[in-house]
There are 2 protein chains.
Amino acid sequence: MVTKQLKGSAKDEADVTRADSLAREIFSDIANKWALLIIEAVGDSTLRFTELRNEIEGISHKMLTQNLRLLERNGLVERTVHPTVPPRVEYALTEPGRALRATVGGMCDWTHRYLGAIETARERFDSA
Amino acid sequence: MVTKQLKGSAKDEADVTRADSLAREIFSDIANKWALLIIEAVGDSTLRFTELRNEIEGISHKMLTQNLRLLERNGLVERTVHPTVPPRVEYALTEPGRALRATVGGMCDWTHRYLGAIETARERFDSA
DNA sequence: CCGTATCCTAATCGATACTG
DNA sequence: CAGTATCGATTAGGATACGG
């Protein structure tokens, strides 16, 4: 259960408690706008920093590096530096990254599928 | 493409541009830790405010109401007020909400599935 | 080209108190 | 019980500048 974590620490449950806490931590790392958009943007490609920046509308230099580091740390993204000058740095999804990408793709599909329904819901809500 | 939005407004592309911008807006609403955890927590149940609060470890009163409003506004969650005293307010997923829940469930499964791999990746990363 | 660091503003969040 | 409002404190995030 990702919705639960850190609970009391009866010695027998110490491990599952730790796992829950870790699960939540990972979930919190991943479940944010920029991280998910990056995963979606990389997809099956191998992209350079600047290419990613152009691919993801509105992301700042800082947010991109920050989230790429985060994804790299959690092993979702692999970073390859080509020691040329000027440097060439490429990003690609790892196996875990591609696995997550499947569900992120689902979220994107969902967004488009329900776009109209959501717009209507918003209008109803806002006029109340 | 959820990764793109607001682009230039050549009159022919005005509609798709608007749709992209809306898609991104919705995606940003939804792709946050608390919103996703709430969706996961509600699931197929009908839960009261306090039940939800207990279900989601670490969420504050404020974050819960705030995100419930957000989900309600976007038509993912249905709010039912029973005019008793004390009041009884129940939350359940709508059809769009349940559809999204499927993919959120996928994210949670993913988290548990790759827990070990991620922990290892982190250790490697942190010792560098 | 890519990354880090700094500064500064805006947004987030928790705690608390108050209403129906 | 559920919701709103307010207030500090923390953090996120953009802009900029500089180094490899």
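In what follows, chains are A, B, ... by sequence order, proteins preceding strands, each numbered from 1. On a predicted model such as this, the values are computed, not experimentally measured, just so you know. Just so you know, these numbers use all the heavy atoms, side chains as well, and skip hydrogens, waters and symmetry mates.
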Donor-acceptor contact below 3.5 Å, side chain A:Thr103 vs main chain A:Ala99: no

Distance (rounded to the nearest 0.5 Å) between B:Cys108 SG and A:Ile26 CD1: 12.0 Å

Rounded to 10 degrees, the angle between the two terminal axes of the helix from C:dC1-D:dG20 to C:dG20-D:dC1, each from five pairs: 40°

Residues in salt bridge (Lys or Arg N to Asp or Glu O under 4.0 Å) contact with B:Glu40, at least two apart in sequence or another chain: none

Proximity to DNA chain D (any heavy atom under 4.0 Å), residues of residues 76-89 of chain B only: B:Arg79, B:Pro86, B:Pro87, B:Val89

A:Leu71 CG to C:dG3 P, straight-line distance once rounded to whole Å: 13 Å

D:dG3 OP1/OP2 closer than 4.0 Å to side-chain N/O of B:Arg69: yes

Main-chain N/O of A:Gly75 paired with A:Thr94 side-chain donor or acceptor, under 3.5 Å: yes

hbond_proxy B:His61 side chain to D:dG3 base (donor-acceptor, 3.5 Å cutoff): yes

d(CG, A:Leu52; C1', C:dG3) in whole Å: 15 Å

N or O in side chain of A:Tyr91 less than 4.0 angstrom from C:dC1 OP1/OP2: no

Atom-to-atom span, CG of A:Asn32 to P of D:dA12 - whole angstrom: 10 Å

A:Glu72 and A:Tyr91 side chains, donor-acceptor separation under 3.5 Å: no

Options C:dG3, D:dC1, D:dG3, nucleotide nearest the side-chain atoms of A:Phe49: C:dG3

Salt bridge (Lys or Arg N to Asp or Glu O under 4.0 Å) partners of A:Arg48, counting only residues at least two apart: none

Min side-chain heavy-atom separation B:Val42-B:Leu71 under 4.5 Å: no

Residues which pass ring pair (Phe, Tyr, Trp, His ring centres under 6.0 Å) with A:Trp34, listed by chain and number, not counting sequence neighbours: none

Heavy-atom check, side chain of B:Arg101 versus side chain of B:Leu76, under 4.5 Å: no

Short side-chain N/O contact from A:Arg48 to OP1 or OP2 of C:dC2, under 4.0 Å: yes

Hey, what are the protein-to-nucleotides 12-14 of chain C N/O distances that come in under 3.5 Å?
residue	atom	partner	partner atom	Å
C:dC13	N4	B:Lys62	NZ	3.4
C:dG14	OP2	B:Ser60	OG	2.7
C:dG14	O6	B:Lys62	NZ	2.6

Donor-acceptor contact present, side-chain B:Arg24 to main-chain A:Gly58, <3.5 Å: no

Joint hydrophobic cluster, A:Leu22 plus B:Ile118, side-chain heavy atoms closer than 4.5 Å: yes

Protein-nucleotide distance (A:Leu70, atom CG; D:dG13, atom C1'), rounded to Å: 15 Å

